[in-house]
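Remarks on the structure that follows.
The analysis underlying the following values was restricted to heavy atoms, covering all of them including side chains, and did not include hydrogens, waters or symmetry mates.
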Amino acid sequence: MPGKKTAKVPRAAYERELLRLQTELVKLQEWVRAEGARLVVVFEGRDAAGKGGTIKRVAEHLNPRVARIAALPKPTERERTQWYFQRYVEHLPAAGEIVLFDRSWYNRAGVEHVMGFCSKEEYQLFLRQCPIFERMLVEAGVLLRKYWFSVSDTEQQERFRKRLEDPLRRWKLSPMDLESLTRWEAYSRAKDEMLVHTDIAEAPWYVVESDDKRRARLNMIAHLLGSVPYHEVPLPVLQLPKRPPSTGYVRPPRDLQTYVPDHAAGM
């Protein structure tokens with residue numbers, strides 16, 4: 001239950017269930033491709049809430065030609081003059097495709113609003129237009145799922161600390177991420193206002209409690225699978241052909257090619 005302190009999911013149980021769910025995600029992918037469906041999954045939440053790790057597990061075994069991740073950088077000067085939703089429209093799926101938005105058009109309701117990167121008028125216009133935009137997507141047949149990853153202030157700060165000390169994850173931190181610590185309440189108010197305006201029947205928000213990353217990943221993937229009416233699509237029967245007999249091909253001498261040094265030999 002939300003707000004209730006629960007024990008962390010054991011790693012062995014997590015890995016076992018994750019593999020089962022990822023197997024179902026592959027089935028979902030094949031259904032999307034066979035049916036010509038269009039699936040959009042929006043991942044939003046505070047910095048270090050676990051969005052990226054969940055997206056990684058969702059996409060891990062999927063075909064990148066079918067399921068792709070859209071993580072847009074800050075807009076260019078030209079994009080700043082466009083209709084706000086325009087650059088996101090370019091990344092929407094065609095038939096048989098899945099798009100996972102690692103942050104989305106909701107940047108305007110969060111970081112742009114809190115950090116003053118957009119005007120008050122632009123922010124209010126977004127809140128009015130966003131439900132209309134999403135209703136248009138759903139009416140056009142797009143399967144739209146929106147997930148908000150909720151992390152506590154203490155857990156967020158601990159994750160920031162670990163990133164700061166870990167050279168493999170240090171790149172995940174920016175000055176703006178750290179500033180979010182000092183603007184916790186401002187981001188909370190922005191999130192609440194966003195939900196009031198954009199939690200619509202056609203495209204509701206689903207909140208994922210993410211202090212336990214393993215639990216959050218399993219819960220989000222299981223919910224996504226349960227929300228889409230997919231079914232297993234029969235795959236074509238494949239059989240390895242017999243290798244034909246040699247026709248006399250001789251491989252060129254190894255010294256005619258440049259090989260990567262055997263770094264592993266020195267381990």
Side-chain angles (χ1 to χ4, degrees), residues 40-56 69-92 99-134 146-166 169-200 203 205-211 213 216:
V40 171
V41 186
V42 168
F43 294 80
E44 289 288 347
R46 295 179 185 272
D47 297 315
K51 302 179 298 297
T54 304
I55 293 171
K56 180 179 179 181
I69 300 169
L72 277 61
K74 67 179 183 180
T76 64
E77 288 303 315
R78 180 176 182 275
E79 288 172 333
R80 292 179 188 276
T81 67
Q82 297 175 342
W83 176 49
Y84 177 71
F85 295 94
Q86 188 169 335
R87 74 185 191 124
Y88 294 100
V89 169
E90 296 177 4
H91 295 271
L92 292 174
V99 176
L100 311 173
F101 276 97
D102 185 355
R103 295 199 181 276
S104 65
W105 45 89
Y106 282 100
N107 271 342
R108 175 135 297 177
V111 64
E112 289 189 18
H113 170 56
V114 173
M115 300 300 295
F117 297 154
C118 67
S119 67
K120 183 177 179 180
E121 292 73 23
E122 288 173 326
Y123 170 68
Q124 293 296 335
L125 181 62
F126 170 84
L127 293 180
R128 292 197 303 273
Q129 289 188 341
C130 184
I132 300 171
F133 172 66
E134 292 182 351
K146 304 185 307 192
Y147 293 97
W148 176 268
F149 284 73
S150 178
V151 65
S152 66
D153 53 351
T154 54
E155 180 63 22
Q156 184 194 48
Q157 186 160 354
E158 177 62 14
R159 291 177 185 178
F160 279 167
R161 184 190 64 78
K162 289 180 178 179
R163 288 180 180 183
L164 196 60
E165 297 172 354
D166 186 347
R169 293 189 291 174
R170 178 64 179 80
W171 63 270
K172 291 186 176 184
L173 273 183
S174 70
M176 193 179 303
D177 295 330
L178 297 179
E179 189 167 348
S180 68
L181 288 174
T182 65
R183 297 177 184 248
W184 179 270
E185 289 191 3
Y187 274 104
S188 295
R189 294 189 183 97
K191 182 261 294 183
D192 293 343
E193 187 76 7
M194 178 193 77
L195 291 179
V196 167
H197 288 85
T198 64
D199 186 17
I200 58 177
W205 276 104
Y206 298 104
V207 178
V208 182
E209 294 285 343
S210 62
D211 273 12
K213 290 183 179 181

With distance as the sole criterion, is a donor-acceptor pair present between the side chains of Asp177 and Ser180 under 3.5 Å?
no
Nearest 0.5 angstrom please: [X] [atom1] to [Y] [atom2], how far?
X	Y	atom1	atom2	answer
Arg108	Phe117	CZ	CZ	12.0 Å
Trp184	Arg46	CH2	CZ	4.0 Å
Leu164	Leu178	CG	CG	7.0 Å
Arg183	Ser188	CZ	OG	13.5 Å
Lys56	Leu100	NZ	CG	14.5 Å

Main chain of [Y], side chain of [X]: is a donor-acceptor contact present, judged purely on distance under 3.5 Å?
X	Y	result
Gln156	Leu181	no
Arg103	Gly45	yes
Lys213	Thr54	no
Glu44	Ser104	yes
Ser150	Val208	no

Residue pair [X] / [Y]: nearest heavy atoms and the distance that separates them:
X	Y	value
Asp102	Ile69	CB-CG2, 4.2 Å
Cys118	Tyr123	SG-CB, 4.1 Å
Trp148	Lys191	CZ2-CG, 3.3 Å
Ala48	Arg163	CA-NH2, 3.6 Å
Ala190	Val114	CB-CG2, 3.8 Å

Can you tell whether the side chains of Arg159 and Asp211 come within less than 4.0 Å, N to carboxylate O?
no
SB check Glu193 Arg189 (cutoff 4.0 Å):
no
What residue among Phe133, Trp83, Tyr84 forms ring-ring contact (aromatic ring centres under 6.0 Å, His included) with Phe126?
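Among the candidates, only Tyr84 passes.
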ring-ring contact (aromatic ring centres under 6.0 Å, His included) partner of Trp205, chosen from Phe149, Tyr147, Tyr106:
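That would be Tyr106.
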More than 12 heavy atoms from other groups under 6.0 Å of CD on Glu185:
no
Is it the case that more than 12 heavy atoms not belonging to Glu155 sit under 6.0 Å from its CD atom?
yes
Between [Y] and [X], is there a side-chain heavy-atom distance shorter than 4.5 Å?
X	Y	value
Leu125	Glu122	no
Gln86	Val89	no
Glu134	Lys146	yes
Tyr187	His113	no

Any residue meeting salt bridge (charged side-chain N to carboxylate O under 4.0 Å, His left out) with Arg87, in chain and number order, not counting sequence neighbours
Glu79
Do the ring planes of Tyr88 and Trp105 sit parallel (below 30°), tilted (30 to 60°) or perpendicular (above 60°)?
perpendicular
